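Read the structure below first, then the notes.
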Amino acid sequence: QVQLVESGGGLVQAGGSLRLSCAASGSIFSIKAMGWYRQAPGMQRELVATITRGVSTDYADSVKGRFTISRDNAKNTVYLQMNSLKLEDTAVYYCNAEIAVTRMNIFYNYWGQGTQVTVSS
């Protein structure tokens, strides 16, 4: 069984910073891409940033230059450093990972439970 556990969300003033972490645990053989998504009230879930095992990254245009995704493969953990936060960054942030649990290398998508980020004026 695989679990993704996020931490680091909270309340921050506009212009401030937060760092999210997501640790994958359980019967993990290999992890490919990891990423962060977010969902604001009444909106669809959207991609924030992704990172491959080889640390190639991709970002939503709305967060480029402000957010940085990174990962520690030894710890099966992905991070999201969020700087210069804006009111519109308020959302529940979800961690995602493509994980294989056996040597057959069949990868499935796993999601964390979400962590709330609230940016106030």
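Note that this is a predicted model, so its numbers are computed, not measured.
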(request) Would you give the length of the straight line joining atom CD1 of Ile99 to atom OG of Ser30, rounded to the nearest 0.5 angstrom? (result) 9.5 Å
(message) Quick test of your reading: applying salt bridge (charged side-chain N to carboxylate O under 4.0 Å, His left out), list the pairs with at least one residue in residues 74-93, sequence neighbours left out, ordered by first then second residue.
(response) Arg38-Asp89, Arg66-Asp89
(request) Check whether any side-chain heavy atom of Arg19 sits under 4.5 Å from a side-chain heavy atom of Gln81, and report yes or no. (result) yes
Could you pull out all donor-acceptor pairs under 3.5 Å where a side-chain atom in residues 1-14 meets a protein atom, sequence neighbours excluded?
{"residue": "Glu6", "atom": "OE1", "partner": "Gln113", "partner atom": "N", "Å": "3.0"}
{"residue": "Glu6", "atom": "OE1", "partner": "Gln113", "partner atom": "NE2", "Å": "3.3"}
{"residue": "Glu6", "atom": "OE1", "partner": "Gly114", "partner atom": "N", "Å": "2.7"}
{"residue": "Glu6", "atom": "OE2", "partner": "Cys95", "partner atom": "N", "Å": "2.7"}
{"residue": "Glu6", "atom": "OE2", "partner": "Gly114", "partner atom": "N", "Å": "3.3"}

(message) Please check: side-chain N/O of Thr118 versus main-chain N/O of Thr90, any donor-acceptor pairing under 3.5 Å?
(response) no
(request) Evaluate the criterion side chain to side chain contact (heavy atoms under 4.5 Å, CB included) for residue pair Val78 and Asp72; output intermediate values, then yes/no. (result) CA-CA 6 Å; Val78 63; Asp72 184 333; over 6 Å; no
(request) Could you tell me whether the side chain of Arg71 and the main chain of Thr52 form a donor-acceptor pair under 3.5 Å? (result) yes
(message) Please give me the minimum heavy-atom distance between Leu87 and Ser120, naming the atom from each residue.
(response) CD2-C, 3.6 Å
(message) In the structure I gave you, are the side-chain heavy atoms of Trp36 and Ile69 within less than 4.5 Å of one another anywhere?
(response) yes
(message) Please determine whether residues Met34 and Tyr108 belong to a single hydrophobic cluster, defined as Ile, Leu, Val, Met, Phe, Trp and Tyr linked transitively by side-chain heavy-atom distances below 4.5 Å.
(response) yes
(request) Using the rule that two of Ile, Leu, Val, Met, Phe, Trp, Tyr join whenever any of their side-chain heavy atoms come within less than 4.5 Å, decide whether Val63 and Met82 are in one cluster. (result) yes
(request) May I have the step-by-step check of side chain to side chain donor-acceptor pair (under 3.5 Å) for Asn83 and Ser17, ending in yes or no? (result) CA-CA 4 Å; Asn83 298 328; Ser17 298; 2.9 Å; yes
(request) Give a yes or no answer on whether the side chain of Glu98 reaches the backbone of Ala33 with a donor-acceptor pair at less than 3.5 Å. (result) yes
(message) Who clusters with Trp111? Use side-chain heavy atoms, under 4.5 angstrom, across I, L, V, M, F, W and Y, and order the result by chain and number.
(response) Tyr37, Leu47, Val92, Tyr94
(request) Give, for atom CG of Asn76 and atom CD1 of Ile31, the distance between the pair rounded to the nearest 0.5 Å. (result) 3.5 Å
(request) Provide the closest heavy-atom pair for Phe67 versus Tyr59 in the form atom of the first, atom of the second, distance. (result) O-CE2, 3.3 Å
(request) Measure across Ser70 and Ile51 and return the closest heavy-atom pair with its distance rounded to 0.1 Å. (result) CA-CD1, 3.8 Å
(request) Is it possible for you to say whether Tyr79 and Tyr110 belong to one hydrophobic cluster, with membership spreading through side-chain heavy-atom contacts below 4.5 Å? (result) no
(request) Spell out, yes or no, whether Phe29 and Met104 are grouped together once hydrophobic residues are joined by side-chain heavy atoms under 4.5 Å, including indirect joins. (result) no
(request) Would you check, one step at a time, whether the test side chain to side chain contact (heavy atoms under 4.5 Å, CB included) holds for Val101 with Ile28? (result) CA-CA 5 Å; Val101 298; Ile28 296 170; 5.8 Å; no
